[in-house]
Novice: 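A single structure is presented below for examination.
Here is the naming used below: chain letters follow the sequence lines, and residue numbers restart at 1 for every chain. The model shown is predicted, which means the values in this text are computed figures rather than measured ones.
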Number of protein chains: 2
Amino acid sequence: MRKETPEAAGEQDALQLGELSDLLGYVLKRAQLKVFEDFLRCVGSLQLTPAQFSVLILLEKNPGRNQTEIANTLGILRPNFVAMLDGLESRDLCTRMRSTSDRRSHILVLTDKGRAVLQRAKKLVASKHEARLNELLGPTNRAALLSMLSKISREF
Amino acid sequence: MRKETPEAAGEQDALQLGELSDLLGYVLKRAQLKVFEDFLRCVGSLQLTPAQFSVLILLEKNPGRNQTEIANTLGILRPNFVAMLDGLESRDLCTRMRSTSDRRSHILVLTDKGRAVLQRAKKLVASKHEARLNELLGPTNRAALLSMLSKISREF
DNA sequence: CGAAATTTGATATGCTTCATAACAATTATT
DNA sequence: AATAATTGTTATGAAGCATATCAAATTTCG
């Protein structure tokens with residue numbers, strides 16, 4: 001077994017990233033993977049993925065909405081949202097209720113358990129996940145980062 | 001057909017994102033999708049995905065490396081890199097050459113066509129893709145954004 | 001040296017995400 | 001009333017991502 005250093009398995013010398021280090025999309029993707037990874041570490045004990053967490057947050061802030069509305073604002077396609085809701089509903093985190101005004105649509109509501117899990121998740125995210133980012137970047141930089149990313153999401 | 005405004009299909013009022021707008025992972029993912037989308041618009045005429053583009057860049061800056069080394073630095077698992085290389089090789093953009101020093105490994109080399117396509121891709125990326133980002137953020141902000149994202153990739 | 005362990009590229013496989021077409025039930029349009 | 005559109009759903013396929021396994025080649029080390 002050749003093991004020169006504890007890490008760097010497979011490379012003898014570090015490779016040159018070249019213009020990749022200046023390619024925003026590349027750095028963005030790498031950072032996003034890291035952040036999601038840490039999210040799962042922090043909130044994984046509640047068995048919540050980032051996508052599921054985002055759904056619960058939206059249900060809490062927007063009561064009375066149906067599947068299409070929630071899915072659309074999250075960029076989830078309606079067909080793919082069905083299985084996702086099945087999962088949340090089977091764990092009793094939310095419920096589909098037939099709308100009385102439009103019997104085609106399902107109004108989505110958080111259950112008490114869903115609300116409780118969401119509160120715990122929010123605390124984990126704030127105290128572990130976002131806190132670690134704050135420590136790494138500092139509050140000012142973190143705010144600037146969020147602002148620029150939001151701008152890209154909206155206007156790019 | 002009820003069509004109040006040209007856009008916003010499916011929602012009557014915009015939903016509240018709530019704490020999602022302050023969740024770095026959420027904003028990061030949305031921004032990343034937008035950037036990749038634009039990358040494909042700009043360089044799609046060359047039939048290059050972001051991942052393929054990153055491979056070609058790495059091959060150019062790191063001649064004489066094998067599949068494991070290239071895949072590892074890009075975070076691609078070796079099994080998944082095989083089909084990717086098959087695609088690039090079938091389009092005559094790169095070649096696998098058996099190493100003379102280690103007959104297990106394949107040295108990856110850019111073909112002339114691969115080099116030419118890469119140059120054209122780089123120009124498209126610089127003149128259309130990154131230029132648009134520069135216009136949106138400004139050079140200073142863009143540099144700060146890159147710096148913070150790199151820091152997250154490395155140290156988070 | 002020579003047996004055992006490791007590495008490399010590859011195949012098979014499964015899971016998750018993402019995208020499209022189509023359908024029944026219901027509602028809106030005209 | 002007839003037609004079109006919307007909602008949730010199913011089926012389906014492509015793409016990304018992960019693991020186990022394999023043969024060939026190399027390295028390690030008794």
Novice: Considering heavy-atom distances to DNA chain C, does A/Ser99 or A/Ala51 have its closest nucleotide positioned more toward the 5' end?
Specialist: A/Ala51
Novice: Please determine if a side-chain N or O atom of A/Arg98 lies less than 4.0 Å away from the OP1 or OP2 oxygen of D/dG8.
Specialist: no
Novice: Round to the nearest Å and state the distance from A/Ile76 atom CD1 to D/dG8 atom P.
Specialist: 13 Å
Novice: Side chain of A/Ser105 only, heavy atoms from C-beta on: which candidate in D/dG8, C/dC18, C/dA10 is closest?
Specialist: D/dG8
Novice: In whole angstrom, give the distance that lies between atom CG of A/Asn66 and atom P of C/dA25.
Specialist: 20 Å
Novice: Taking all non-hydrogen atoms of both residues, which atom of A/Ser21 and which atom of A/Val27 are closest, and how far apart?
Specialist: O-CG2, 3.8 Å
Novice: Out of D/dT6, D/dT9, C/dG9, which nucleotide sits closest to the side chain of A/Arg104?
Specialist: D/dT6
Novice: Reading DNA chain D from 5' onward, which residue's closest nucleotide shows up sooner: A/Val82 or A/Leu33?
Specialist: A/Val82
Novice: Taking for each residue the nucleotide of DNA chain C with the nearest heavy atom, is it A/Ser101 or A/Gly75 whose nucleotide lies nearer the 5' end?
Specialist: A/Gly75
Novice: Can you measure B/Arg78 atom CZ to D/dG16 atom P for me and round it to whole angstrom units?
Specialist: 18 Å
Novice: Taking donor-acceptor contacts at under 3.5 Å, does the side chain of A/Arg103 reach the base of C/dT26?
Specialist: no
Novice: Roughly, in whole Å, what's the span from CZ in B/Phe81 to P in C/dT8?
Specialist: 14 Å
Novice: Between A/Arg96 (CZ) and D/dT7 (C1'), how many Å, whole number?
Specialist: 12 Å
Novice: Using every non-hydrogen atom in the two residues, find where B/Ala121 and B/Leu48 come nearest and quote the distance to one decimal.
Specialist: CB-CD1, 3.9 Å
Novice: Can you name the closest pair of heavy atoms from A/Gly64 and A/Ile107 and give their distance?
Specialist: O-CD1, 3.3 Å
Novice: Please name the pair of heavy atoms, one in A/Glu130 and one in B/Asp22, separated by the smallest distance, quoted to 0.1 Å.
Specialist: OE2-O, 3.9 Å
Novice: Under 6.0 Å from the CD atom of A/Glu135, do we count more than 12 heavy atoms belonging to anything else shown?
Specialist: no
Novice: Report the distance from atom CG of A/Leu77 to atom C1' of C/dA21, rounded to the nearest whole Å.
Specialist: 13 Å
Novice: Is A/Gln67 close enough to D/dT6 that one of its side-chain N or O atoms is under 4.0 Å from OP1 or OP2 there?
Specialist: no
Novice: Whole Å only: how far is the CD1 atom of B/Ile70 from the P atom of C/dG9?
Specialist: 10 Å
Novice: Looking across every strand, which nucleic acid part, if any, lies under 4.0 Å from A/Asp102 by heavy atom: base, sugar-phosphate, or nothing?
Specialist: sugar-phosphate
Novice: From the set D/dA18, D/dT9, C/dT11, return the single nucleotide nearest to any side-chain atom of B/Pro79.
Specialist: C/dT11
Novice: Round to the nearest Å and state the distance from A/Asn80 atom CG to C/dC15 atom P.
Specialist: 17 Å
Novice: Could you tell me whether the phosphate oxygens of C/dT17, OP1 or OP2, come under 4.0 Å of any side-chain nitrogen or oxygen in B/Lys29?
Specialist: no
Novice: Is there a side-chain polar atom (N or O) of B/Thr68 under 4.0 Å from OP1 or OP2 of C/dT7?
Specialist: no
